[in-house]
Structure formats: C-alpha cells, structure tokens
Amino acid sequence: MISKNGGRSSISSTPSLTSLVVSKEHLLKVWVKLDPSKMELDVTNQPTAIVYEKTDTVDDLKDRIFAKFRNTRWAMENDSFGIGIGCLCECGLEDNILNLQQEQNEVSKSDPMKDQLLHPVPNSAARNVQVEFSRAPSTSWHTPKTCSPRVSNLGSPLPLHANKLHSCTPGSTPLAQLRLGSKDPHAAEPCSLSPVKRGESTMLSRSLNAASVIAPKPNDLPRAQLHQSLLEPDELLINVCKILFGGIATQKAADALIIFSNAEDAYIFDDENIQNDDDGPLIEDMADYKLIVDEEQLRKLSLSNDEESTDHKQAILLLPRGFEGDVNLPSPNVISPSTTMSTHGPSGFTSPTITNAPLVEEGIGLVPCRDPMVQREGSPFLQSAMEAVTTESITRDKVFPKINVLVVEDNMINQAILSSFLRKHKISYKAAKNGLEAVEKWKEGGIHLILMDLGLPILSGIDAAKEIRKLEKVNGIGTTVRSNTGSQNELGLEPRRSFSSKAPVIIVALTASNSQSDKTEALLAGCNDYLTKPVNLDWLTRKITEWGCMQALIDFNDWKEANDRITSGPDRDLSHKVDKSSFSEAKKGNAKQEVSHLSNLINGKHR
Amino acid sequence: MSSIPTPEGVINWDTLNEIVSMDEDSPDFSKNLIIQYFDQAATTFDQIQEELDGKCELEQLASLGHFLRGSSAALGLQRIAWACERIQNLGRKREGSIRGQTVPDSHYAQLITEALAYARTEFIAAKAELSAFYGSEL
C-alpha cells in the first residue's frame, strides 16, 4: 500500500512530530468514517480522527487509515486502491438523470441512503477537478476492462487514465457541463457538504480545488440526490479540509469524510444498465466476488496488488472469457455466503482485490473456458479424461520397463506360465530351477528383478535371497561406491559383467501360502516384496512395472547399459562407452516416459 | 481334516482364463500346459504314493505336496491344490495333530494317504472338465 506520494507521506510519523512541524494549535486531524450505506445496520460506525501532515494528499490519508486500522478485518478486506475518500453529496444538478434511481430524497447526510448513485464525472478538460462521481453511465464504466478499470476508476495508480475514462461521456450530466465551463480552480467557492458551510455553498464549479461535489443549497434543489463524491487522490488533504469545512480544525465528527470501499460494493443497477453493458456483465462480476473465501487470500492479494503480478493477470484473463456472452451462466457453486454485500446487487465498482481472486477449481471447470492454459491446468474433466487414456493404453502395454527378470521356479508348469507372460510382454528373462541356479544366474549380471519361488529344492528361495544379499554387500552393491574397481572381487568374477548394476536387485518372493509367517520370512531374508501363488498376472504386471521403473530411476546409466547389452549382444559391451552420447537422446525420452509412468503408479491410476 | 474349506469348483476359471488368454500369442499354449500338468500331477501322485509306501519321510511328502500345489494353483485346479496343501501341511505337521497328544508319523501318513486319494479323484474330475473344454481327450 504504497501511495505514489509515499515519498512525502509518512505513515510512521508520530503525531507529536506532526504537530511540531505543522501547527502550534492543533494536530492536523480529519474525521473519517466508513461508508454508512455499506454497513450493516447493527454495526456501529463511529467517525475516527486521522492525524495527518500538511503535505499529505488524499492518497496519503488512505495509507494513514490503513495504518490506523491495520489489524482490522476491514483493512484486510480492502486496500488503498480499492477505497476512495469522499463524501456524500446532495447534488441536485443531476436530477434529470438521477430521478430514476432516486428513492430517498430527504435523507440527510449523516444518514445517507442506501441506494447510492455513482456518477463518474466527465471532465476531460479538468486538470484539477477532484471529484469523481462513481455512477457509471453505463458502458464507459467498464470499457477498459483489459487494464483493470477498477483500479483506474479510483484513480490511485492511474489518475490520468481515470480522467480519460470519464471523458468518454462528456456532457452526460449537467454537472459536467458546469464544470467544464468553469476555469479558475480557485475562483469559485467550493460546494460544501458540511452543514457549516451549507448555507454558503454556491453553484457547483469545477474550481473546487479540494472539494468534491458540490451540494447546492437545499432550498434551491429540493430534489437533491445523495451520491458519492470522491476526492482526487492527489489533492492535499489540508486543502480539502480548508475548503470543505472552512478550516483545518473546524471539521466535526458528524461531517466525517467517508471512506468508500469497493471491495464489498454492491449497488443495484437497473436492468437497463446491465443489459447495456457489453463488456462484462455485472452479474458475472458478482459471481467472481464469491471466489475469495478466506481473508488470508484477500490480504495476500491486496499486498501484491500490482499490475504485473501474475495473480492479477490471471484474474483479468479469466474473468470475462469464461463467462462472456451469457448472463445466466454463473454457477451456484461459486456463491459463498461470505459475500455479505451481494444482496445489494451488482456494482459498477469492481475491486481489483476481487478480480485477483484465485480461481477455485469448480469455477473453472464449470465454465467452458477457451483459454488453453486454463483447460490444461484447471479442468478436472479434462484431467480425468487424460487419466483414462493413460491408464488404458500406456500402462498396460507400451511402457513396460526394459528390465531383465530372473524367474526362479522349480515347477515347470509355473515356469512356463511366467516365462510365457514375460515373453508376451517382451520382457527379457532368464530362468532358474532352484536356489543355487538362481544365485549363479544372478552372478552373471544384468538382473534387475528376481521372481523367486520360496519352496525350491537344493537351495530354497529364502536361502538364495540371503545369499544374494550377502554377495551384494561384499561387492558394495547398493551400499557405497562399487568396491570391485581395485581388484577382482572375491568371487573372481569380471566386475562389470558380474555386477553391472549398482542398485541391488529386487527380489519378489512367490509365496505359496498366504500365511503371514511366510511373508515375514521372505522379507527378512532380503526379499523386497512378495506375491502369493497362484500368481495373478495382473498383479505380476504391476510388480514388474513398479519395480522395473524403480530400478530404472535408481540407476539409470547402469540400467541403460545393461539394457543396451541385452538388446545388442555382448559385443556392444565394449563399445558402449564410445557412443554413449549418441543415445543420450534416447535416454532422455525413456527416462521421461518412465518417470511419467511412475507418477501414474504413485497416484494409483493404473490398473 | 482341515479348517480350510474345500474350494467350490474343481477349476477356478478366473485363474485358468488368464492362462488361456495367453493362447493369443502362442496357440495351444494353455492346452499344452494342461497336458504337461496332467503328466506332472500323475507323476507326483505316484511319487507321493511311493514315499508313503517306502520311507514315508514326512518332509519329502510335504515337499512333493508343495510342488504339485504350485502348478495346480497356477492353473486354477483349486481342489487338487487344496489337497496338495493338506499333504504339505500334514507333512510338516502343521495340521492334523491331536491336542495334548504326541502322535506318531504314521498318523500323518494316514491323513496324507486320504488327501492323496481325494487329489486323485479331483484329478479325474478336472481332466474330464478340461477335456470337455478343449473338445479333445487330454
């Protein structure tokens, strides 16, 4: 919340300091209060005195207000771009326009009407006109939707822009005409909203250097209509006070300036306005109001209230597109009861805070958004569709990891079944009939996964698993750096051919019974996993995929080398170092494939 | 004999169909496998009988039971597998004991003989059913 005038304003300056600098008699103070029309009836809304410095502008006042109410809910829900300081003005000059909406003419300033009318003041020529009426004469209000009209409307970051905006409707009100006619900013007496000055107030003139709107004499304008008048953010606060209240110390609490807030703004427009609004149907804006449900989000967004912020961009991108063209689209899902002001209907004001709201998933999913980014990231529908594809085609057939499996089965029937299964899925395998043979085949190297029957003759599966783990330890596989580089290992085997993988082999036990003791025994012997016989081929598929992918990820290079050796024969073994670079591309592709597949597995999506 | 109930059908077709589905890649794969199995089963039954008649080593009987059980289960011949499991467990004295008594090995051998008889019966039933399935005498 750094105002553009932040350089000379100082939130942290203390009152005592201020008084020294500014005035002998008084601290400079201005009474402010929240817009009473937005308040719940039962909420007290006391005017508050804000101490300011001589050089403070209206924008600085905003900062001071936020500083003062730093820890309140109000401060969290609003930001300096979303509020405007001003007053309610009974300006009868606009009667011809205002009559339609006029409902309560007699309401006094201290008890303003609920139905505020917002009148942007068309003042293309006005350098010094401070007043910004908020009522949008239909479309002009929403015109610059791509560049955050809500911000510019309040003039804080882009006052010039705001003026341009207003100039879109020159002469739309008599008020504007009058203003344009007036030239000397200081010549005319300001319209005062203060009872003190009411009697003296003259016809509205754009001269009001600080004053906002001008409330002509009540007698002159019996049908005077209350409406918001915002002070120009650049205006010196001290001047505002002087002009509005006749002096820097004459403001009374009852005349408090009003803090208009956009955040929860909710004015009722007539139907015509809504229908005429081509740019962003108001009802849809309202739907977006509901997206923020917790104050934490709000505050965060307020802090990053920056044109460049990604949140902001996202919001602007998403808002109109998803909803465009159909007023009746807004889904009930995004309406949350937390938006207390929504009962007032749509508003011409839409806060930047609100448009910054992160989109909830339902919000995106329900709306046929044309933004491909959103579709890719946001739509749950799309996601599930993609998952279906992945599950169906990829998991089953295409992405079996290229691993070498050792099937250890003494029963030829089972051996045949498993072998046939592996062959069918183009997984290379070796077979062993007993534990001893299993250990020997494992020593030959290149095995990633062993399917080990436990009830084996000669050397049982349990003992074979223990033996393999022991040898792995001796040879430093899976523990530290390979230890067999220095000399021949104790088995007298040629190192790389024997233990080509740094990763320990995965042993999946095939337990004949479902008993827990068998499983425990298997795991204790060093098996990583188990399958209960009869082996369900679906489960076998899963195990091979899971463990195979794991192996591939654990030690990709060795896996790749071994894989290469198997596909190309032993000669390749000698040359594989040479053309390592040539298949680095393939590596990447494969790794990607495996990783994506693994993520499927982790998410439990495959069958 | 055992707390584990006898399976309902002679053949668990869920399991066998998995094997049969592999015929797509290699025709008659399942049929040849079944034929191979029947050979194996007949041989194993004879070995069990020999053992019962000969040394009657329970551990060896259990091993034979385990062996045939594996292939039987893999092919979905669940009743034979069930009988083999009995033989295996009896051979390891994991079932069939009488509480509070020390029973001689002959007690287990007797029970194994009964289980083997049951297995042979189921073997015949399975052969009949599968012969019908393949439309040829197996």
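Just so we're on the same page: letters track the sequence lines, and every chain starts at 1. The figures that follow rest on heavy atoms only: side chains count, while hydrogens, waters and symmetry mates do not.
Note on A/L510, A/D410, A/D453: by heavy-atom pairs under 4.5 Å with chain B, the leading option is A/D410. The choice from A/S420, A/P457, A/A416 that makes the most heavy-atom pairs within less than 4.5 Å of chain B is A/S420.
With rounding to the nearest 0.5 Å, the separation of CG in B/D39 from CD1 in A/I413 is 8.5 Å. Taking NZ of A/K424 as the start and CD of B/E24 as the end, the distance is 5.5 Å to the nearest 0.5 Å. Distance check, rounded to the nearest 0.5 Å: OG of B/S21 to CG of A/L537 gives 7.0 Å.
B/E18 is not listed as a side-chain neighbour of A/I417, based on a closest heavy-atom distance of 4.5 Å or more.
Between B/Q36 and A/M412 the shortest heavy-atom distance is NE2-CB, 3.8 Å. Here the shortest heavy-atom pairing between A/P534 and B/A73 reads CB-O, 3.1 Å.
Between the side chains of B/S71 and A/N414, not a single donor N or O lies within less than 3.5 Å of an accepting N or O.
Residue A/N536 touches chain B through both its backbone and its side chain, counting heavy-atom pairs closer than 4.5 Å.
Within residues 50-67 of chain B, the residues that have a heavy atom under 4.5 Å from a heavy atom of chain A are B/H66, B/F67, listed by number.
Other residues, nucleotides and ligands place no more than 12 heavy atoms under 6.0 Å from the NZ atom of A/K433. Counting heavy atoms of neighbouring residues, nucleotides and ligands inside a 6.0 Å radius, atom CH2 of B/W13 exceeds 12 of them.
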